[in-house]
Amino acid sequence: MKYVIFIWCLFLLFFWESKASNNEGLAPLIQNTDGRRIQMLDGHWKYMVDMYENGYYNYRKLPRIDGYFMDQKIQSPSDLLEYNFDDEQTLRVPGDWNTQDDKLFYYEGNIWYRRKFDVDKSANMRYFVYFGAVNYETHVYFNRVKLGVHEGGFTPFNFEVTDQVLKSGNSLILKVDNRRRPEGVPTDNTDWYNYGGITRSVKLIEVPETFIRDYHLVLDPSNCKLINGYVQLDGTQKQQNVHVVIPELKVDKVLRTDASGRADFSLSTKPQLWSPESPKLYRIIIRSESDEVQDQIGFRTIKAEGKKLILNGQEIFARGISIHEEAPFRSGRAWSEADAKVLIGLAKELNCNFVRLAHYPHNEAMVKEAERQGLLVWSEIPVYWTINWDNAATLANARNQLAEMIHRDKNRANIIIWSISNETPVSATRNLFLRTLIHDVKQLDSTRLVAMAMEVHSVDANTKTIGDPLADELDVLSFNQYVGWYDGLPDKCDRLNWTFTQNKPVFISEVGAGALQGLHGDANQRWTEEFQENLYIHNINMMKRMKGLAGVTPWILMDFRSPRRPLPGIQDGFNRKGLVSDQLIKKKAFFILQNWYNEIQSLNKK
Ligand code: GCB
């Protein structure tokens with residue numbers, strides 16, 4: 001009992017302390033920026049490399065009041081000024097800096113960015129600058145005033161600039177620091193490339209004084225004829241009539257927002273359900289007295305029932321693949337609709353109905369393309385391997401990234417799983433940390449499943465299980481396993497059995513082997529396409545024997561850059577577990593997995 005109380009006190013301590021975070025000045029996130037009046041701030045931004053953070057600290061290492069963010073110009077030839085944005089080179093935004101200039105390929109440090117722009121400013125409107133993602137820590141300055149700070153490289157954030165925005169000559173300056181840090185999320189040790197910079201679009205959003213800041217529409221988990229949701233206004237006129245209109249379903253629901261600007265609602269209708277076979281989306285119009293926003297939303301239900309995964313009331317097997325947010329052909333961070341079309345198109349070709357977007361929230365184009373093409377999604381935050389479990393700021397940061405991920409994508413029908421972590425070693429502090437995140441997901445969005453990629457444990461030489469105490473608290477039993485690659489050779493699969501005490505759907509969130517595309521040889525020779533092919537054959541046979549297997553997302557669709565992978569002539573800085581090379585040439589294993597997925601699909605059709 002004493003032990004339980006002690007643990008509980010620790011938990012509470014975490015909870016309260018976790019309010020400490022590096023974020024500063026952020027405005028509550030605006031929902032659906034694609035549906036707003038925006039001025040894109042993408043394009044060529046001036047940049048300055050600042051290895052010593054000289055534009056931020058003075059020679060006594062104290063923050064400067066005349067830092068680079070003041071964007072000064074000399075007024076007379078005798079003036080002393082040691083920087084000048086006007087004469088600098090440019091970087092493309094969005095885009096990581098590493099793949100834009102050879103000199104920046106290995107750079108981990110600070111870079112200052114500047115974008116000048118004019119605004120066709122209207123009276124009585126409000127303005128926000130919105131960043132899709134910037135890796136990793138960003139200090140934002142607008143017209144020489146500091147707006148604030150955001151930590152985390154894969155989620156959106158915004159600041160209000162209504163009072164500062166000018167009709168001409170606005171100067172938006174960012175200090176972006178991509179140094180890895182042990183207390184960061186992710187921590188300093190990962191198996192992917194640490195691309196730095198403004199990796200997603202930057203937008204200036206114009207909204208009326210009172211605007212529709214947020215909304216959520218979701219099918220009732222136990223009633224397919226009921227849509228639940230809320231609308232949240234922001235501004236001084238909080239009490240308004242708001243219409244939620246779905247023209248195709250002849251729905252026009254009128255709500256009245258309360259003194260806090262919020263209206264919760266339920267509306268009866270019978271939408272055609274979104275599914276991989278028929279990814280139906282409806283045009284939704286939300287209209288207040290002062291604002292209107294439109295979206296495309298689908299409706300479906302998802303639940304775990306015993307060992308079954310149930311989509312829209314029917315059992316489904318998730319034929320998946322893991323994907324990193326890495327650009328096809330050119331490497332670097334993927335960000336565009338064109339990148340998403342290629343990656344999602346390949347997953348479709350593999351005959352997937354599911355993708356694991358690893359190991360951090362991907363750009364919105366990926367999620368939306370997957371939704372249009374009928375792919376279910378597992379979305380996750382970069383709580384990966386050995387992060388600082390006992391650091392309150394680390395927990396606050398992870399919680400914030402989780403909230404930002406859920407906020408952005410809560411209206412996407414294809415997301416069925418929020419995942420809170422990947423391959424984290426069991427310990428008391430880690431359990432407390434992750435338990436807080438599980439609790440958060442349930443608070444923020446109880447309509448989806450909560451998972452994490454767990455590790456496996458051996459019962460005996462031929463039996464494996466999950467020995468993670470958190471397995472009881474998650475909705476699915478998902479784990480990474482590398483039998484045949486890090487764990488024995490592929491024929492080990494033939495002898496192995498799996499046993500689970502929890503009655504939950506089983507997901508293999510990773511399985512795979514490295515192979516250099518075009519390298520051929522014996523099935524026992526590592527790095528050949530034949531070795532990888534053989535490993536897939538043995539693993540698939542083993543997976544066919546696993547009771548309650550409800551989904552798989554092998555590792556991984558495409559080769560991706562990782563500094564942990566130096567082997568010359570084979571890896572050359574790439575993790576080669578892709579089913580296609582970084583140039584998108586298919587390896588033999590691609591077809592093995594594709595055949596299995598075809599087989600599963602035709603069995604399900606019978
Ligand atoms: C894992 C990690 C993944 C790695 C992969 C590998 O378990 O979750 O991020 O890239 O193994 O290739 O070793």
Side-chain angles (χ1 to χ4, degrees), residues 135 153-154 180 184-195 320-326 331 333-334 343 355-362 378-387 398 417 419-426 430 434 451-458 464 466-468 470 474 476-490 507-517 526-527 529 531-532 535-536 539 543 551-567 570-582 587 589-590 593:
N135 192 36
F154 302 97
R180 286 165 298 123
V185 179
T187 183
D188 51 358
N189 185 28
T190 68
D191 187 24
W192 69 82
Y193 206 87
N194 180 30
Y195 297 114
I321 190 72
S322 298
I323 307 182
H324 255 298
E325 194 187 44
E326 181 121 332
S331 298
R333 254 302 150 253
L343 294 169
V355 286
R356 175 182 180 202
L357 300 182
H359 276 304
Y360 35 73
H362 284 212
W378 158 311
S379 183
E380 70 190 73
I381 50 167
V383 173
Y384 182 93
W385 289 354
T386 53
I387 75 164
I417 292 178
S419 176
I420 55 160
S421 65
N422 179 78
E423 283 184 358
T424 56
V426 175
R430 168 269 199 188
L434 294 183
M452 61 190 205
M454 291 181 274
E455 294 187 313
V456 293
H457 304 89
S458 294
K464 287 191 186 279
I466 297 178
D468 192 320
L470 294 184
L474 300 162
V476 297
L477 289 179
S478 37
F479 55 89
N480 302 345
Q481 65 86 4
Y482 281 90
V483 182
W485 184 254
Y486 296 123
D487 177 6
L489 289 171
F507 268 74
I508 296 192
S509 34
E510 287 180 31
V511 44
L516 178 66
Q517 180 276 317
R526 260 187 218 260
W527 307 113
E529 287 194 34
F531 187 103
Q532 189 190 39
L535 181 137
Y536 269 79
N539 265 282
M543 292 192 281
V552 256
T553 47
W555 195 252
I556 189 168
L557 182 64
M558 188 180 81
D559 290 354
F560 61 95
R561 279 191 203 279
S562 168
R564 297 173 64 86
R565 311 292 175 178
L567 189 65
I570 301 281
Q571 294 176 310
D572 297 315
F574 281 82
N575 182 316
R576 295 287 182 202
K577 296 192 186 71
L579 292 175
V580 305
S581 69
D582 54 296
K587 306 179 193 174
F590 182 97
L593 187 63

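Counting starts at 1 for both ligands and their atoms, in listed order. The shown structure was predicted, so the numbers you read here are calculated from the model rather than taken from an experiment.
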Any Lys/Arg nitrogen of Asp582 or Arg561 sitting under 4.0 Å from an Asp/Glu carboxylate oxygen of the other? no
Face-on cation placement of Arg526 at Trp485 ring, 6.0 Å and 45° thresholds: yes
Between Glu380 and Arg356, is the closest basic N to carboxylate O distance under 4.0 Å? yes
Lys587/Asp559 ion pair, N-O < 4.0 Å: yes
Non-hydrogen atoms closer than 4.0 Å to ligand 1: which protein residues do they belong to? List them by chain and number, please. Asp191, His359, Tyr384, Asn422, Glu423, Asn480, Tyr482, Tyr486, Glu510, Trp555, Phe560, Arg565, Asn575, Lys577
Test applied, ring pair (Phe, Tyr, Trp, His ring centres under 6.0 Å); reference residue, His359; option that passes from Phe154, Trp378, Trp385, Trp555: Trp555
Once salt bridge (charged side-chain N to carboxylate O under 4.0 Å, His left out) is applied, do any residues pair with Glu423, and if so which ones, sequence neighbours excluded? none
